[in-house]
Amino acid sequence: MRWSRYFWHTSKEEPSDAEAPSHKLLLKGGFIKQVSAGIYELTPPGLRVLRKIEGVVRKEMDRSGAQEVLLTVLNPAELWKETGRWELYGRELFTLKDRNGREYCLGPTQEEEVTDLVRSFVRSYRQLPVVLYQIQVKFRDEKRPRFGLIRGREFIMKDAYSFDADQFSAMISYESMKFAYERIFKKLRLKTLMVEASVGTIGGISSHEFVVLTDYGEARVAYCEGCGYAGNAEVVKLPKNGEEEEEEKPLMELETPHTDTIEKLSSFLRVPSRKIIKSVLYLVDGSKPILFLIRGDRNVDENKVEAVLGTENFRLAEDKEVRELLKTEKGFIGPFNLPPSVRVYWDNSTYGLKNVVIAFNRPNYHYVNANPRRDFSYGEFVDVCEVEEGDPCPKCGAPLRVSKGLELGHIFLLGTRYSEPMKAFYRDPQGQEKPIVMGCYGIGISRCMSALVEQYHDEKGIKWPTPVAPFELDLICVNTSDPQQREVADKLYLLAEEMGIETIYDDRDESPGFKFADADLCGFPYRLVVGKKVKEGKVELQDRHRGERQDLDIDRAVDELKALIEKDRQTP
RNA sequence: CGGGGUGUGGCUCAGGUGGCAGAGCGCCUGCUUCGGGAGCAGGAGGUCAGGGGUUCAAGUCCCCUCACCCCGACCA
């Protein structure tokens, strides 16, 4: 491809609307163009990268036995009503009506559609298992789109769905998909972590996420450097500690004005926050009060709360509601003399504490040196504590590391969540009608593009790994008005193309610095510079990843380059 | 959803207290230049996000709307 005729336009200015490196560099490098919040167009080079990522994914999916389909973007509401998700999915669902008033959504994920497809053909266990996948545009009206392609409202996803006759068979499908994912990310050269993930309210059996560790992700990931355990923070179980060995001091009732936060209370009483029991009031379905007691230095993880309550329809009580329900003020809530309607849960972190500070629903007062059994009794224990760095690994007990992660892939053993309500049944060998056991498996293709830039860039620009680079080689003619350079560059270009090297030939009539800067920005793994040294029969090869340069004989340059690229395509 | 910020040429931005619409980059023309975002000269390019108001006069002051970016997801 000759750059002088290629629709690729980079910018010298830093894009003002971008924050994340990947967002900045993809915009500046002319790979994407924003249309609206969370909606981006891909330019020719941007699409080339995306297609390469798709190619890797497609190849591994096919190899795993999955079969590609193309479902529709526009989906009738009826299917979504069968599973109840028309309501459950909420405002994130893009919906519209046709001219006759029939309702549709733009697919955010397509369990309903694919289940409908399968149920219309599958009758017998003999037709199972089957795994279908597609690479398709998806729509989610995100509350807050951000960071370019990382969280978009329109994005490209690979979604796969497995259909098996029974649980055991479904687990085999699940495991084989897990291996396929590991191969995919390895081939994309993305350093991902496979973490245990939440099965959520859907009631699945198993779930794993593939995340890259980066500040520009929305997930919190805990991992153990000792034994290799890794989990999404919301699924990492935190156990009870042993009882503190401490002499029980006499209980006191102290006036504690203006201490409506743990921090204020801690400094007022000169007591560490871990010796305070915090009470957090939630309302389920907008009315049912649930009180969580947790150690003062820890926070409630609402994802864990969701698991405990079995619903996501809950929220913190407002100040006014605290007053009405508990006749006290925020900051002075405690487990004493509560109305019977209040359900109380003790987080594991509160177990075994001695001589704690705890409120008793009287504004501006706290108990000091309260002790379990003597002054209060525990109730039901749960784990709703947000995991923090240093918490014990659930497998080996070593201190955990916690990091922000970006979820690139998610695999999910669904069970019969969709097949049952949608009546996707088959006949087993005994002639019994049974629901198909399903799994679903996503990869954010466009998100991978951002993740690659996050992992491969420097101050100057992107450093695409060879398997996903828009072009493997950038052939630069330094001075296009020098006939000799021009002639050599033209020749090398044709030769490189001939040899099957994906080449962009920078034949633009621009200054050398301009072309070098673009080369760095756009991230080609290899660069061949045709400049002054042609007089000595040499051209210069530059490696973007290693930063190395070497002079090659003009006649042998493409051959040597070909060998390098060939090797680079293969590994690992 | 809540909070904050921004909106002026294609891009990045400047335009105290109201008084002729600006710069750099990019673009076009010409000449020069050619190994790290070149130089000189000339030129084109604007509904100052949109609407309403105050005023002799609004990019600037007031109100409303919209768009985009960022932060937080309410921790008692």
Side-chain angles (χ1 to χ4, degrees), chain A residues 9-20 23-24 27-28 30 33-39 90-92 141-148 216 218 256 258-266 273 276-283 291-303 305 314-319 321-323 325-326 328-335 347 349 357-359 361 363 366 384-386 460-461 476-482 485-486 506 508-522 527 529-534 538-540 542 549 551:
Chain A
H9 308 281
T10 59
S11 162
K12 197 155 73 172
E13 300 284 351
E14 285 291 310
S16 63
D17 277 351
E19 167 95 358
H23 190 193
K24 274 189 196 161
L27 281 171
K28 193 177 178 199
K33 150 100 171 53
Q34 181 169 19
V35 173
S36 178
I39 302 178
R91 295 145 306 280
E92 266 179 37
D141 199 355
E142 296 284 351
K143 286 178 216 164
R144 182 142 104 88
R146 57 176 143 185
F147 303 142
Y216 296 94
E218 73 297 320
T256 52
H258 315 298
T259 56
D260 59 340
T261 65
I262 293 292
E263 204 184 332
K264 288 183 202 165
L265 182 62
S266 164
S273 53
I276 299 173
I277 290 185
K278 179 161 77 176
S279 308
V280 188
L281 186 69
Y282 280 88
L283 292 181
L291 189 66
F292 287 100
L293 299 165
I294 187 167
R295 215 170 72 192
D297 61 332
R298 306 302 300 248
N299 288 327
V300 172
D301 183 332
E302 295 195 349
N303 293 303
V305 171
F314 63 88
R315 59 172 173 82
L316 274 172
E318 291 167 13
D319 295 6
E321 292 162 334
V322 167
R323 250 169 257 139
L325 281 160
L326 306 181
T328 186
E329 291 293 326
K330 177 174 159 182
F332 304 95
I333 306 172
D347 180 73
S349 62
V357 176
I358 191 165
N361 298 321
H366 279 89
V384 290
C385 185
E386 194 173 85
K460 290 178 174 172
I476 295 180
C477 181
V478 172
N479 183 356
T480 50
S481 47
D482 177 332
Q485 287 184 25
R486 187 94 210 189
D506 198 344
R508 292 175 299 177
D509 185 18
E510 294 287 354
S511 72
F514 185 97
K515 289 187 268 199
F516 288 130
D518 261 359
D520 291 333
L521 173 63
C522 297
R527 182 186 318 173
V529 181
V530 180
K532 296 190 280 217
K533 284 178 250 177
V534 288
K538 301 278 192 185
V539 289
E540 186 179 283
Q542 299 184 16
R549 304 175 176 200
D551 289 338

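- Distance, A:Lys12 NZ to B:rG36 C1': 12 Å, rounded to whole Å.
- A:Gln542 comes within 4.0 angstrom of a base, heavy atoms only.
- Evaluation of the side-chain contact (heavy atoms from CB on, under 4.5 Å) rule for A:Leu521 yields A:Thr10, A:Leu25, A:Lys28, A:Asp518 as partners, not counting sequence neighbours.
- For the P atoms, the distance linking B:rU12 with B:rC69 amounts to 13 Å, nearest Å.
- Rounded to a whole angstrom, the distance from the C1' atom of B:rG18 to that of B:rG37 is 41 Å.
- Between A:Thr261 and A:Ser36, the residue whose closest nucleotide on RNA chain B is further toward the 5' end is A:Ser36.
- When the C1' atom is used for both B:rC20 and B:rG15, the distance is 14 Å, rounded to whole Å.
- Across all strands, A:Leu521 comes closer than 4.0 Å to base atoms (heavy-atom distances).
- Checked for salt-bridge contact, A:Lys533 and A:Asp551 meet the test: a charged N lies under 4.0 Å from a carboxylate O.
- Using a 4.0 Å heavy-atom cutoff across all strands shown, A:Leu281 reaches at least one base atom of the nucleic acid.
- The base of B:rG35 does not come close enough to the side chain of A:Asn479 for any donor and acceptor atom to sit less than 3.5 Å apart.
- Within the 4.0 angstrom heavy-atom criterion, only backbone atoms of the sugar-phosphate kind lie near A:Phe332; the bases stay farther away.
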Practice problem: Determine, for nucleotides 1-15 of chain B in 5'-to-3' order, which nucleotides have protein heavy atoms under 4.0 Å from the base (write B), from only the sugar-phosphate (write S), or from neither (write -). | Solution: ----------BSS--

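- Nucleotides B:rC74 and B:rG3, compared at atom C1', are 12 Å apart to the nearest Å.
- No donor-acceptor contact under 3.5 Å links the side chain of A:Arg146 to the base of B:rG72.
- Residue contacts shown for A:Arg549 include a base, since a base heavy atom lies under 4.0 Å away.
- Of the listed nucleotides (B:rC71, B:rC68, B:rA38), B:rA38 has the atom at the smallest distance from the side chain of A:Ser511.
- With B:rG35, B:rC75, B:rG26 as the candidates, the nucleotide lying closest to the side chain of A:Pro512 is B:rG35.
- Under the 30°/60° scheme for interplanar angles, the aromatic rings of A:Phe314 and A:Tyr282 are found to stand perpendicular.
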Quiz item: Reading RNA chain B 5' to 3', how would its secondary structure be written in dot-bracket notation, given Watson-Crick and G-U pairs with both distances under 3.5 Å, brackets [ ] for crossing pairs and | for partners on other strands?
Solution: (((((((..((((.....[..)))).((((((.....)))))).....(((((..]....))))))))))))....

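- Distances were taken from every side-chain heavy atom of A:Lys330 (C-beta onward) to each of B:rG35, B:rC75, B:rC70; the shortest belongs to B:rC75.
- In this structure, the CD atom of A:Glu540 is 12 Å from the P atom of B:rG35, given to the nearest Å.
- Straight-line distance from the CZ atom of A:Arg508 to the P atom of B:rG26: 13 Å, rounded to whole Å.
- Residue A:Ala18 is classed as having no contact, given no heavy-atom separation below 4.0 Å to the nucleic acid.
- Note that OG of A:Ser266 and CG of A:Asp297 are 9.5 Å apart. Values are rounded to the nearest 0.5 Å.
- Of the candidates B:rG37, B:rC69, B:rC34, the closest approach to any side-chain atom of A:Ala517 belongs to B:rG37.
- The two residues A:Arg91 and A:Asp141 come nearest to each other via the heavy atoms O-CB, 3.7 Å.
- Comparing B:rA14 with B:rG46, their C1' atoms are spaced 16 Å from each other, to the whole Å.
- Between A:Lys278 and A:Asn299, the side chains place a donor N or O and an acceptor N or O closer than 3.5 Å (distance only, hydrogens not considered).
- A:Arg527 comes within contact range of at least one nucleobase, with a heavy-atom separation under 4.0 Å.
- Across B:rA58 and B:rC71, the matching P atoms stand 39 Å from one another, rounded to whole Å.
- Taking the nucleotide of RNA chain B with the nearest heavy atom to each of A:Ala20 and A:Lys460, the more 5' of the two is matched to A:Lys460.
- Using C1' as the reference atom, B:rG43 and B:rG59 are 26 Å apart when rounded to the nearest Å.
- Looking at heavy-atom distances under 4.0 Å, A:Asp482 makes no contact with the nucleic acid at all.
- Side-chain proximity of A:Asn299 to the nucleotides B:rC75, B:rC68, B:rC34 is greatest for B:rC75.
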